[in-house]
Amino acid sequence: MIMGENCLFTPQQIVYLTDHCHRLYCEVIQVVESRQLCWVRPLCLVDMTEEKEIYSHLFAPKLLIDVRSTSDLLYPINLFKQALDTEVLPLLSHLSSPDYPVNNNPLAREKLHKFVTKVLQEYSELF
């Protein structure tokens, strides 16, 4: 099943990839229309296993992982969905909070790698 909508995204737009109970929010860097790829910069990985809605228990540390210091991704555009401002603004606000440790999560790369591997396996026919 293809997750995204048949629309093109614009640079600086926030989009996300979903894998079961995880959601990876990213900033669009560039869309490569000729290859139907989207170059994105990961922002945060949200674990939604505790709650189906991300708003009620969003700020528990285990649910939000800062992945801004990780590598950019180049993925098929139809795997992405457009993120709503109402879901992204609380996440970005929390990441910008002085109480949140900036890029100090040693597990961020590992968690992102696991997420990316799952998506690659689930949608291997698109790669």
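Two residues are said to be in side-chain contact when any heavy atoms from C-beta on lie closer than 4.5 Å; Val116 and Leu73 meet this criterion. Side-chain contact between Leu107 and Ile65: absent, with no pair of heavy atoms (C-beta onward) separated by less than 4.5 Å. His94 has its side chain out of reach of Cys44: every pair of non-hydrogen atoms, C-beta onward, lies at least 4.5 Å apart. With a 4.5 Å cut-off on side-chain heavy atoms, Val67 and Leu43 do not count as touching. Put simply, the side chain of Ile29 does not reach to within 4.5 Å of the side chain of Pro11, judged on heavy atoms.
When the options Val40, Ile14, Leu45 are evaluated for a side-chain contact (heavy atoms from CB on, under 4.5 Å) with Cys26, the one that passes is Val40. If you run side-chain contact (heavy atoms from CB on, under 4.5 Å) between Leu79 and each of Val15, Leu126, Thr18, only Leu126 comes through.
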Walk me through it: do Glu27 and Gln13 pass the test side-chain contact (heavy atoms from CB on, under 4.5 Å)?
CA-CA 6 Å; Glu27 176 185 0; Gln13 184 175 4; over 6 Å; no
Audit row: Val32, Cys38, side-chain contact (heavy atoms from CB on, under 4.5 Å) steps and yes/no
CA-CA 6 Å; Val32 184; Cys38 195; over 6 Å; no
Apply the test side-chain contact (heavy atoms from CB on, under 4.5 Å) to residues Val28 and Thr10: give CA-CA distance (whole Å), side-chain angles for both, the deciding distance (0.1 Å), then the verdict.
CA-CA 7 Å; Val28 174; Thr10 58; over 6 Å; no
May I have the step-by-step check of side-chain contact (heavy atoms from CB on, under 4.5 Å) for Leu95 and Leu64, ending in yes or no?
CA-CA 9 Å; Leu95 290 177; Leu64 179 64; 4.1 Å; yes
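Linking Ile, Leu, Val, Met, Phe, Trp and Tyr residues whenever their side-chain heavy atoms come within less than 4.5 Å places Tyr123 and Phe115 in a single cluster.
In summary, the side chains of Tyr16 and Glu87 do not present any donor paired with an acceptor at a separation below 3.5 Å, with no hydrogens or angles considered.
By the side chain to side chain donor-acceptor pair (under 3.5 Å) test, Glu122 pairs with His20, sequence neighbours left out. Thr117 pairs by the side chain to side chain contact (heavy atoms under 4.5 Å, CB included) definition with His113, Gln121, not counting sequence neighbours. The ring-ring contact (aromatic ring centres under 6.0 Å, His included) test applied to Tyr75 returns Phe127, not counting sequence neighbours. Here Lys118 pairs with nothing under the side chain to side chain donor-acceptor pair (under 3.5 Å) rule; sequence neighbours left out.
The side chain to side chain donor-acceptor pair (under 3.5 Å) contacts involving residues 31-40 comprise Trp39-Asp72, where partners must be two or more places apart or lie in separate chains.
Looking only at distances, a side-chain donor or acceptor of Arg109 sits under 3.5 Å from a matching main-chain atom of Ser69.
Of all heavy-atom pairs between Leu24 and Pro42, the closest is CD1-CB, 4.1 Å. Contact detail for Phe80 and Leu17: the closest heavy-atom pair is CE2-CG, 3.6 Å.
Here the straight-line distance linking atom CZ of Arg23 with atom NZ of Lys81 works out to 7.5 Å at 0.5 Å rounding.
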